[in-house]
Amino acid sequence: MIVSTSVPFVDLRTQYRNLKAEIDEAVGRVLDRCDYILGGAVKEFEQAFASFVGAKRAIGVGSGTDALHLILRGLDIGPGDEVITVTNTFIATVEAITLAGASPVLVDCREDDYLIDPDAVEQVVTSRTRAIIPVHLYGQPADMDAVAGIADAHDLVIIEDAAQSHGATMSDDRPCGSIGRAAGFSFYPSKNLGACGDGGMITTNDEELAERLALLRNWGSVVKYQHEVKGFNSRLDTMQAAILSVKLKHLDDFNEGRARAAGWYRERLEAVSGVILPPRAPWTGRHVYHLFVVRVPGCDQNGLIDKLKADGVQAGIHYPIPVHLQPAYADLGLTEGAFRVSEKASREIISLPMYPEITEGQVDHVVESLRRCL
Ligand SMILES: *Cc1c(COP(=O)(O)O)cnc(C)c1O
């Protein structure tokens, strides 16, 4: 029998088709009202998202990268200041720091969970350190209590990179995005809550900071042609906000779909030797599985991905090159061997297809193919 099952890495088309009537209607409403820039749907979505995250305020911006960048600007963190973050992340975390003119100070991740290593953070704090950006990577919260301990001891600000953790919680139910001084979310299409284009959100409980950010994203202005500070043009698009409002109502269901798929993978892969399943940290309440990252020590990573591809399975690597080894950050002067845990992980991890609508049959197919390839 010829098996023709194909399993994409993500499946945006199925999600759109399932919500087509609602999304088309929301888009139509914006087109009717023509309030394209900072329109009614933006405010509506900001309020709904703040309430979802359990934060006082939410400020819609152009992207997740801009969210982190503007938070730093809003806190007056820039040239001469150091910001600590982890090398095992998407490069945008670090680009936000350099966009603000501050100096990124990278640390390794932990072997146990691939998340920022608080012990390493403690070691690089200097008199110039202003902030720590923990990344809730793959949909799992960073060790926020340990990070908060260091931040408190040295009077540092915590900025959460929540781009992969919409709906994730700590074991005491605190949602990602409600814990630090502020948090940056991304609505890049493939994120747990994805727009039909770029978009981002800042959440914070700090009203004063929220007001500054509302200025910064809009040319430093709230009253037209009156500019209080030098700002940027980085607003969440009204059309995207309308679409995101529709999808937010389904986010818990999406995340449940991901968790269900993670369960299917775990059941089937538990007994497969040589495959290390995604760790669950003890401080994690809800893991929202933005990615399902397994580790296959000693594997030929690209060979494995090619073999899976031949079976119709799209897999990926998140991320193949840690930030400190990217040419873009050669100026940090860090070379191979600087962060051994992240470097080793980057050579052994494989991200399996993960999206809310994935079926049990598709997971079966992925696991069968992976078994065969090993
Ligand atoms: C996606 C992502 C970002 C950037 O978000 P954009 O909306 O694409 O700018 C930042 N950090 C992490 C960890 C991400 O996954």
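Hydrogens, waters and symmetry mates play no part in the numbers below; they use all other heavy atoms, side chains included. Fair warning: this is a prediction, and the values are worked out from it, not measured in the lab.
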Do the charged groups of Asp108 and Arg340 touch, with an N to O distance under 4.0 Å?
-> no
Phe339-His324 aromatic ring centre distance below 6.0 Å = yes
Glu270 and Arg266: salt bridge (charged side-chain N to carboxylate O under 4.0 Å, His left out), yes or no, with the steps?
-> CA-CA 6 Å; Glu270 218 160 39; Arg266 285 185 186 281; over 6 Å; no
Classify the ring geometry between Phe187 and His166 as parallel (under 30°), tilted (30 to 60°) or perpendicular (over 60°).
-> tilted
Ring geometry between Tyr289 and His287 (parallel below 30°, tilted from 30 to 60°, perpendicular above 60°) | parallel
State plainly whether the residues Glu46 and Lys43 are in salt-bridge range, i.e. N to O under 4.0 Å.
-> no
In terms of ring plane angle, is the pair Tyr319 and Phe90 parallel, tilted or perpendicular, where the classes change at 30° and 60°?
-> tilted
Expected output: side-chain Gln140 to main-chain Ala281 donor-acceptor under 3.5 Å | yes
Give a yes or no on whether a salt bridge exists between Arg130 and Glu82, defined as a side-chain N under 4.0 angstrom from a carboxylate O.
-> no
May I ask you to say whether Glu336 pairs ionically with Arg347, meaning some side-chain N is under 4.0 Å from a carboxylate O?
-> yes
Please determine if Arg235 forms a cation-pi arrangement with Trp219, meaning its NZ or CZ atom is less than 6.0 Å from the six-membered ring centre and no more than 45° off the ring axis.
-> yes
Is a salt bridge present between Glu160 and Arg181, judged by a nitrogen-to-oxygen distance below 4.0 Å?
-> no
Evaluate the criterion side chain to side chain contact (heavy atoms under 4.5 Å, CB included) for residue pair Arg128 and Asp81; output intermediate values, then yes/no.
-> CA-CA 5 Å; Arg128 303 202 311 169; Asp81 297 327; 5.9 Å; no
Side-chain ion pair, Arg295 and Glu111, N-O less than 4.0 Å = yes
Would Arg260 and Glu256 pass as an ion pair if we require N to O under 4.0 Å?
-> no
Indicate yes or no for a side-chain donor-acceptor contact from Ser221 to the backbone of Gln226 under 3.5 Å, with no hydrogens or angles considered.
-> yes
Would you please test Arg174 and Asp145 for salt bridge (charged side-chain N to carboxylate O under 4.0 Å, His left out) and show each step?
-> CA-CA 11 Å; Arg174 280 177 298 167; Asp145 289 335; 2.9 Å; yes
Donor-acceptor pair, Lys191 side chain versus Ser186 backbone, under 3.5 Å?
-> no
When the ring centroid of Phe9 is compared with that of Tyr355, is the distance short of 6.0 Å?
-> no
Ion pair Arg110/Asp113, N-O distance below 4.0 Å | yes
